Visitor: 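Please find one structure pasted underneath; my questions will follow.
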Amino acid sequence: MKNKISSATFCILLFLTCACNDWLDLQPSTAVVDSGKSVKSLNDASYRLNGIYSLMRSYYYYGARMTYYGDALGEDMMAQSNTKRTANYYTFRFTEDNAPATFWLACYTIINNVNLLLEGIDNLTGLSEADEKKRMDYKGQALSIRALAYFDLTRLYGYPYTKDNGASWSVPIVDKPVSPDYKPKRNTVAECYNFILKDLNDAVEMLGEAKINGKMNKWAAMSLLARVYLYKGENDNALKFAKDAIAGAEKNKYRLWTNAEYKTEWAVEYGVEVLFEIPMTLAENEGNEAMPYLVIGSGYDDILLSDDWMVKLMGNQTGDVRYQCVINNTSSGSKSGRRYLWKYPVNSGETAAYLGNIKVLRLSETYLIAAEAAAKKGSANDDAVRYLDPIVKRGNPNNTVSGTTVNLDRVLEERRKELVGEGHRFFDAIRNGKHITRSGDLAFKHLDNILPEAWDFDWNYFKVVLPVPRSEMDANENIRDQQNPGY
């Protein structure tokens with residue numbers, strides 16, 4: 001592992017090597033050997049940054065697994081059968097020994113590459129004013145990506161901050177290249193949130209405002225910052241940064257899709273509502289393992305909408321455009337009655353079923369962050385209505401929350417309608433101390449091999465966090481006494 005990683009290809013090879021060989025038996029994912037000297041120019045930095053974005057596309061991360069995880073553990077979507085890729089998460093039949101190490105590995109591979117980039121880019125000297133501005137933008141992108149990776153690790157392996165004020169274990173913080181024998185202990189959730197927030201606050205000051213397809217910019221990072229504050233329970237900051245992100249983005253020609261656009265814009269690359277998306281192209285894609293191939297009947301037919309979403313939540317709201325983003329298979333064949341989500345269609349002009357971009361940050365979520373933070377404040381109902389109503393009306397122009405008092409449950413209901421299939425529901429319920437309840441008495445039932453305790457649970461269920469992977473415990477003796485309780 002002493003090869004320098006100076007291109008997208010080497011970044012990908014590093015990840016594949018880590019995933020397929022016995023490397024983890026020798027050193028933990030937090031270790032990497034590279035001095036960072038491969039970044040000798042802004043072109044080198046750009047090349048390495050592109051490689052980091054390529055790593056985000058992996059089906060071990062946003063290409064599939066991170067995208068479906070938050071729905072597979074909730075009630076609104078379900079694994080189609082016990083043998084599907086999403087089944088172990090959906091049924092909660094993962095243990096310390098069989099839970100995948102790939103979340104930990106994918107995120108730390110990205111973090112390590114970011115750390116190498118940051119070390120190299122900070123050593124560049126003699127730059128012109130224009131190049132210095134470019135350097136700061138690259139650095140802001142890198143910090144945003146590192147913050148997202150740590151945020152994902154923290155919500156996967158650490159209990160919600162709001163459960164115990166961040167006292168539980170999260171993951172080790174590694175902020176610079178380290179030696180192969182570096183074996184850190186786990187940091188707390190509170191320490192990780194402080195680190196994430198610093199990265200994002202710094203990034204927001206560095207990033208450019210213009211949209212660059214497939215890259216993070218100021219408004220994407222600011223929206224992510226608002227999300228992190230919301231998860232942490234800092235509602236004043238969540239509302240402030242969500243409002244600033246919305247205002248700034250809309251001045252830069254972003255906007256919510258209209259009701260008429262909603263069903264077709266999912267197939268448009270880099271549309272006006274999407275703040276950050278990960279491209280799937282003919283040259284770079286995850287093939288049949290990608291999220292778009294998992295959610296269609298003609299693909300792997302892996303994860304479907306449940307009756308908890310179709311019937312109990314949406315009911316007779318057939319006029320809602322979100323309801324219409326479902327393919328309700330009414331044929332009499334083997335797929336009769338299955339409900340497929342239409343949020344990952346093939347990109348415009350493409351034909352391969354797996355070539356659908358992954359929309360990671362949408363402006364609609366930022367509106368919902370503002371509405372939730374305002375509703376929690378209690379004294380900001382005007383803001384709660386102001387930011388929730390456009391989402392409600394966009395779903396169905398005949399509906400409104402104007403003239404009502406918007407509470408948390410009303411916002412969470414709208415989040416379920418708007419963000420289904422985008423990886424939010426499980427985290428939304430758990431971070432708010434709510435229950436996930438799967439119904440067993442509907443026509444289109446959940447699978448019957450869900451663990452008994454996973455039919456109805458909240459943040460007190462130990463499996464709302466993943467176990468630290470066995471491979472990491474074996475490689476790092478300093479975290480062996482820090483396994484999550486229950487495992």
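Given the structure is predicted, the values throughout are model-derived calculations rather than measurements. Along the sequence shown, residues carry numbers from 1.
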Visitor: Whether R386 and D382 form a salt bridge (side-chain N of Lys/Arg under 4.0 Å from carboxylate O of Asp/Glu) is what I want to check.
Guide: no

Visitor: Could you walk me through whether Y229 and F241 pass the ring pair (Phe, Tyr, Trp, His ring centres under 6.0 Å) test, one step at a time?
Guide: CA-CA 9 Å; Y229 275 125; F241 283 103; 5.6 Å; yes

Visitor: Within a strict 4.5 Å, meaning less than it, do heavy atoms of the D302 and M291 side chains meet?
Guide: no

Visitor: Parallel, tilted or perpendicular: which describes the rings of W104 and Y108, with under 30° parallel and over 60° perpendicular?
Guide: tilted

Visitor: State, with a plain yes or no, whether a side-chain heavy atom of D137 is found less than 4.5 Å away from one of M206.
Guide: no

Visitor: Any heavy-atom pair between the side chains of K343 and V295 that's under 4.5 Å?
Guide: no

Visitor: For residues T400 and D389, is any side-chain donor paired with an opposing acceptor at under 3.5 Å?
Guide: yes

Visitor: If we only count heavy atoms from C-beta on, is the Y387 to I246 side-chain gap below 4.5 Å?
Guide: yes

Visitor: Taking side chain as C-beta onward, heavy atoms only, is V468 less than 4.5 Å from Q482?
Guide: no

Visitor: Report yes if some heavy atom in the side chain of E414 is under 4.5 Å from a heavy atom in the side chain of V401; otherwise report no.
Guide: no

Visitor: Apply side chain to side chain donor-acceptor pair (under 3.5 Å) to residues S364 and R362 and explain how you reach the verdict.
Guide: CA-CA 5 Å; S364 55; R362 287 198 293 130; 2.9 Å; yes

Visitor: Under a 4.5 Å cut-off applied to non-hydrogen side-chain atoms, are E284 and P279 in contact?
Guide: no

Visitor: Could you walk me through whether D202 and K198 pass the salt bridge (charged side-chain N to carboxylate O under 4.0 Å, His left out) test, one step at a time?
Guide: CA-CA 6 Å; D202 289 348; K198 184 181 186 309; 2.7 Å; yes

Visitor: Strictly by modelled atom types, are N357 and N347 linked by a side-chain donor-acceptor pair under 3.5 Å?
Guide: yes

Visitor: Do R438 and M78 come close enough that some side-chain heavy atom pair is under 4.5 Å?
Guide: no

Visitor: Verify the ring-centre separation between F103 and Y69: is it less than 6.0 angstrom?
Guide: yes

